[in-house]
Amino acid sequence: MRYIPQPIDISDVYLPEELNTLVEAMARNVHEVWAQTRIEQGWIYGTERNDDLKQHPSLIPYEQLTEEEKEYDRNTVMGTLKLIIHLGFKIG
């Protein structure tokens with residue numbers, strides 16, 4: 001069988017600007033959780049990703065990530081918050 005992802009459509013959900021601080025705090029935490037998990041799995045910092053040696057260039061503090069990498073974490077967070085709102089929950 002072939003897996004076909006079917007995420008819930010949240011394209012019509014917009015986040016209020018007052019959530020920008022929350023988005024950034026959550027994005028930082030998403031990175032921290034990811035990095036902690038990698039480190040617990042034996043990964044270390046490396047200038048290039050190397051799965052065999054378990055080295056990854058993103059094992060650095062959030063503030064040192066490229067804007068592109070930060071945007072990836074922000075998009076994850078915004079997708080999660082939009083889904084929460086789409087499902088009828090309130091963020092307050």
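Computation of the quantities below employed the complete heavy-atom set of this structure, encompassing side-chain atoms and omitting hydrogens, waters and symmetry-equivalent molecules.
- Within 6.0 Å of atom CD in Gln41, more than 12 heavy atoms from other residues, nucleotides or ligands are found, so the atom counts as buried in its surroundings.
- Annotation: side chain of Tyr72 is not in contact with side chain of Glu68 (no heavy-atom distance under 4.5 Å).
- Contact check on Glu63 versus Arg28 returns a salt bridge, with a Lys/Arg side-chain nitrogen under 4.0 Å from an Asp/Glu carboxylate oxygen.
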Stepwise side-chain contact (heavy atoms from CB on, under 4.5 Å) check, Trp34 with Ser58
CA-CA 10 Å; Trp34 170 85; Ser58 295; 3.8 Å; yes
side-chain contact (heavy atoms from CB on, under 4.5 Å) assessment of Glu17 paired with Asn20:
CA-CA 6 Å; Glu17 284 200 28; Asn20 288 346; 4.1 Å; yes
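- Under the side chain to side chain contact (heavy atoms under 4.5 Å, CB included) rule, Lys82 has a single partner from Asp12, Ile8, Ile10, which is Ile10.
- Partners of Ile85 according to the side-chain contact (heavy atoms from CB on, under 4.5 Å) rule, which considers only residues two or more places apart in sequence or in another chain, are Val13, Leu15, Ile91.
- Shown here for Asn50 and Trp43, the closest heavy-atom pair between the two residues is O-CZ3, 4.1 Å.
- For Arg74 and Glu69, the salt-bridge test fails: no basic side-chain N is under 4.0 Å from an acidic carboxylate O.
- Under a cut-off of 6.0 angstrom, the local environment of CD in Gln64 is crowded, with over 12 non-hydrogen atoms contributed by other residues, nucleotides or ligands.
- Closest heavy-atom contact between Pro57 and Glu48: CD-C, 3.8 Å.
- Using a 3.5 Å distance cut-off with no hydrogens or angles, the side chains of Tyr62 and Glu24 do pair a donor with an acceptor.
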